[in-house]
Amino acid sequence: MTTRKVAQYHQIPQTIINSLHWQQNSPTHLNPPFVAKPPSILATDLIKSYFQKGLVKEARVLFDEMPERDVVAWSSMISGYASCNLYRRAWTTFCEMMRDGVNVQPNEFTFSSALKACKGMRSLSCGALTHGLALKHSMHGSLYVDNALMDMYATCCDGMDDACLVFEEITVKNAVSWTTLIAGYTHQGDGHGGLRVFRQMLLEEAEPNPFSFSIAVRACASIGSHIYGKQIHAAVVKHGFESSIPVMNSILDMYCSCSHLSEADRCFHGMPERDIITWNTLIAGHEKSDPCKSLNHYSLMESEGITPNCFTFTSVIAAVANMAVLSFGEPVHGKILRRGIGNDLAVANALIDMYAKCGSIVNSFKIFNVMCDKNIVSWTSMLIGYGSHGYGKEAVKMFDQMLHSGIRPDRIVFVAVLNACSHAGLVDEGLRYFKSMVSDYNVMPDQDVYGCVVDLLGRAGRVKEAYELIETMPFMPDESVWGAFLGACKAHKLAELGKLAASKVLDLRPKVAGTYMMLSYIYAFDGKWGDSAKMRKLMRRMVNKKEAGRSWIEARNQIYSFVAGDRLGSHVEWVYEVVDTMSLHMKEVEYTTDLHCLIHDLEDGT
DNA sequence: GTAGGGTTAG
């Protein structure tokens, strides 16, 4: 396609097309402003607008047709590719310029754009090479280049040492320099480091702006510090940045991730302006701890005419999964398909999980099977689904398929497959995976992995081996490991070991009602009814009425929510109806109830 | 005519 055709196709004004005759200088028949601009400048203008519209090919055609390309044209191409996330093409264009652009000297714009490409590629070697070239072209002292260098080192290196070296050498730092350093620490998971730099920024009387506040609040969220977050919120108000939506979104997220949901709600209602990220932050923030509210916020968002995007749907689907309310999830799935975003990786992964948690593993597999791109999360979601449905053999098969597809398993995948083996009684397979994770994949087991293996052995009755494993662990077992062991002791009625496990759990995590419940069962089957009752009394003291476990069922297209002992509301009849159906089903499959707890419940009068 | 840092999902 020629420049003329490209321009005509995109309805570029005829005046611009005429002036793009490379050999023709300042056509006299045209009126300003077009006559004033030489063709190469007009072409650069066009290149920029093509990239802004995502018309990458058109930009390249135009660039290739330019008889002479100056440094601005080259830099526009490099930054254009980088702004469209085409970092490798940005980098090859930079290399092409350094190699072929004989008479073109790179400038600050060129190097900062090239460094952005290196950052996007996460390539330290390209970044360091660009650093060397920048020094060779006397770029030291350019704040733009130095800030881009810091950003590149912060993103491409494990530590922050090189970014700090560049930062120290900047004589006059600006807000971007400070913000880049804070962001570097925070994105590497060192929120305390980020806050240290933010404090230093204030001490050195550098003027913080909305960018620095957003990332400082993000640092608070990453370390779960509501105290620091609130202080920075106050500073935001003092500086008059409450009108900045990104800053307020950051604060909203901080309150959610620090579990201060009522404060988050207050913050949300106080926002005069909101964008899609505001809504998404609120929905995602409630998804785990209060999924019902998360869905309410989503309904409110829709009623206000805001169009949900992939982020929204991922959180909504996760909330549906947490509540297992398929009646809410299915229409949302329909909406996703109608919007044509069912192929989005995160959305599809969330759908796999949702159907699995709602009991429809067949639908999980259908989604998994048609996915064009799968990542490790897709495989893990499917493995967790199979595991929770008791399909251990399918999980094992799927794990092997995952290996064949070239995905390297991580710790979470091993937890998923070990869990699946545990629930399906595939002890030897599970132990084989446990051994191979270190020897074949160099993945070190953590508390969760040990917890799974203890559970695997414990469920199968190999309690002695489980105890030996705990004793030989390379680190102190946590409450999840002892908790798994306690479960095994309860299941196999091993009173003495069970008491030991419970005391360990209570040492590590006191005031957990469930542990007292376990101990109560253990004392009951040990014949120590007095101790058993004592544990129940202790347990009741532990239960905070406000945090009572809430259950819900779907019956006749309605969701009914209730807590233990709930006798209020007309819907309670439905609950009993469902419980009766379940009891009938349990009888049909010959499930035997553990009578110890039932007898004790009757004696206890509860 | 070209360049920078911040907020949401898994």
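If you're wondering where the values come from, they're calculated on a predicted model, not measured in any experiment. All chains are named by letter (A, B, ...) in the order of the sequence lines, taking the proteins before the strands, and each is independently numbered beginning at 1.
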Asker: For A:Asn375 and B:dA9, give me the distance from atom CG to atom P, rounded to whole Å.
Answerer: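 Atom-to-atom, A:Asn375 to B:dA9, this comes out as 16 Å.
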Asker: Which part of the nucleic acid, if any, lies within contact of A:Ser244, taking any heavy atom under 4.0 Å across all strands shown: a base, the sugar-phosphate backbone alone, or nothing?
Answerer: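 Touches a base.
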Asker: Under 4.0 Å between any heavy atoms, over every strand shown, what does A:Ala318 touch: base, sugar-phosphate, or nothing? Just pick one.
Answerer: nothing
Asker: In terms of heavy-atom contacts, does CG of A:Asn369 have more than 12 from other residues, nucleotides or ligands at under 6.0 Å?
Answerer: yes
Asker: Ignoring hydrogens and angles, are the base of B:dG4 and the side chain of A:Thr179 linked by a donor-acceptor pair under 3.5 Å?
Answerer: no
Asker: Taking atom types as they are modelled, would you say the side chain of A:Thr44 forms a donor-acceptor pair with the base of B:dG1 within the 3.5 Å cutoff?
Answerer: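 Yes, a donor-acceptor pair under 3.5 Å.
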Asker: Residues from residues 296-310 of chain A sitting under 4.0 Å of DNA chain B, heavy atoms only?
Answerer: none
Asker: Whole angstrom is fine here: how far is it from CG in A:Asp151 over to C1' in B:dA3?
Answerer: 12 Å
Asker: Nearest to the side chain of A:Ser112 - B:dA3, B:dG5, B:dG4?
Answerer: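 Given the options B:dA3, B:dG5, B:dG4, the side chain of A:Ser112 is closest to B:dA3.
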Asker: Could A:Lys57 and A:Asp64 be called an ion pair, given the rule that one side-chain N must be under 4.0 Å from one carboxylate O?
Answerer: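 A salt bridge is absent here (no side-chain N lies under 4.0 Å from a carboxylate O).
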Asker: Can you measure A:Met152 atom CE to B:dG4 atom C1' for me and round it to whole angstrom units?
Answerer: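 Computing the A:Met152:CE to B:dG4:C1' distance gives 14 Å.
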Asker: Distance check: side-chain N/O of A:Lys116 vs OP1/OP2 of B:dG4, anything under 4.0 Å?
Answerer: yes
Asker: In whole angstrom, give the distance that lies between atom CG of A:Leu252 and atom P of B:dT8.
Answerer: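 After rounding, the reported distance stands at 11 Å.
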Asker: State whether A:Asp265 and A:Lys293 are salt-bridged, where the test is any N-O pair (Lys NZ or Arg NE/NH1/NH2 against Asp/Glu carboxylate O) under 4.0 Å.
Answerer: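 Salt bridge present between A:Asp265 and A:Lys293.
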Asker: Using the side-chain hydrogen bond (donor to acceptor under 3.5 Å, both in side chains) rule, collect all pairs that involve residues 203-221 of chain A, keeping only residues at least two apart or in two chains.
Answerer: A:Gln200-A:Glu204, A:Asn209-A:Ser212
Asker: Would you say the side-chain atoms of A:Arg88 pair up with the backbone N or O of A:Met121, donor to acceptor, closer than 3.5 Å?
Answerer: no
Asker: Under 4.0 Å from OP1 or OP2 of B:dG1: is there any side-chain N or O of A:Lys48 that close?
Answerer: no
Asker: Nearest heavy-atom pair of A:Ala264 and A:Cys256: which atoms, and what distance?
Answerer: CB-SG, 3.7 Å
Asker: Return the set of residues passing side chain to side chain contact (heavy atoms under 4.5 Å, CB included) with A:Val176 (not counting sequence neighbours), or none when no residue passes.
Answerer: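 Expected list: A:Asn147, A:Asn174, A:Thr180.
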Asker: Tell me what A:Leu181 touches on the nucleic acid: a base, only sugar-phosphate, or nothing, going by heavy atoms under 4.0 Å.
Answerer: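 Nothing, no nucleic acid heavy atom in range.
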Asker: Please give, in whole Å, the distance from B:dT2 P to A:Glu68 CD?
Answerer: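 From A:Glu68 CD to B:dT2 P: 20 Å.
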Asker: Please list all pairs meeting salt bridge (Lys or Arg N to Asp or Glu O under 4.0 Å) that have one or both residues in residues 95-124 of chain A, counting only residues at least two apart or in different chains.
Answerer: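 Checked against salt bridge (Lys or Arg N to Asp or Glu O under 4.0 Å) - neighbours excluded - the pairs reaching residues 95-124 of chain A are A:Arg60-A:Glu96, A:Lys119-A:Asp151.
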Asker: Tell me whether A:Lys335 forms a cation-pi arrangement with A:Phe313, defined as NZ or CZ under 6.0 Å from the six-membered ring centre and within 45 degrees of its axis.
Answerer: no
Asker: Using whole Å, what does the distance between atom P of nucleotide B:dA9 and atom CG of A:Leu345 come to?
Answerer: 15 Å
Asker: Measuring to OP1 and OP2 of B:dG10, would you say a side-chain N or O of A:Lys288 lies under 4.0 angstrom away?
Answerer: yes
Asker: Under the 3.5 Å rule, do the base of B:dA3 and the side chain of A:Ser113 count as making a donor-acceptor pair?
Answerer: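 Side chain to base: no pair present.
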Asker: B:dG6 base to A:Asn249 side chain: any donor-acceptor pair below 3.5 Å?
Answerer: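 Absent.
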Asker: Have a look at A:Asn147 and say if it touches a base, only the backbone sugar-phosphate, or nothing, with a 4.0 Å heavy-atom cut-off.
Answerer: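 It contacts base atoms.
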Asker: Would you classify A:Ala148 as touching base, sugar-phosphate or nothing, given that sugar-phosphate means primed atoms plus P, OP1 and OP2, and contacts are heavy atoms under 4.0 Å?
Answerer: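 No contact.
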Asker: Kindly indicate whether the side chain of A:Ser75 and the base of B:dT2 share any N or O donor-acceptor pair separated by less than 3.5 Å?
Answerer: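 Present.
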Asker: Mind calculating the distance between CZ (A:Phe268) and P (B:dT8) to the nearest angstrom?
Answerer: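 Roughly 16 Å, once rounded to whole Å.
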Asker: Could you list by number each residue of residues 210-221 of chain A showing a heavy-atom separation from DNA chain B of less than 4.0 Å, or answer none if no residue does?
Answerer: A:Pro210, A:Phe211, A:Ser214, A:Ile215, A:Arg218
Asker: Check side chain to side chain contact (heavy atoms under 4.5 Å, CB included) between A:Val71 and all other residues, then give those that pass, not counting sequence neighbours.
Answerer: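 Testing A:Val71 for side chain to side chain contact (heavy atoms under 4.5 Å, CB included), a comparison that skips the adjacent residues, returns A:Ser75, A:Met97, A:Val104, A:Asn107, A:Thr110.
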Asker: With sugar-phosphate meaning primed atoms plus P, OP1 and OP2, does A:Val247 contact a base, only sugar-phosphate, or nothing at under 4.0 Å between heavy atoms?
Answerer: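 If one applies the 4.0 Å heavy-atom cut-off, A:Val247 turns out to touch a base.
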Asker: Are A:Trp279 and A:Tyr298 an aromatic pair, judged by ring center distance below 6.0 Å?
Answerer: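 Not under 6.0 Å, so no.
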Asker: Reckon A:Asp353 touches a base, only the sugar-phosphate, or nothing at all at heavy-atom distances under 4.0 Å?
Answerer: nothing
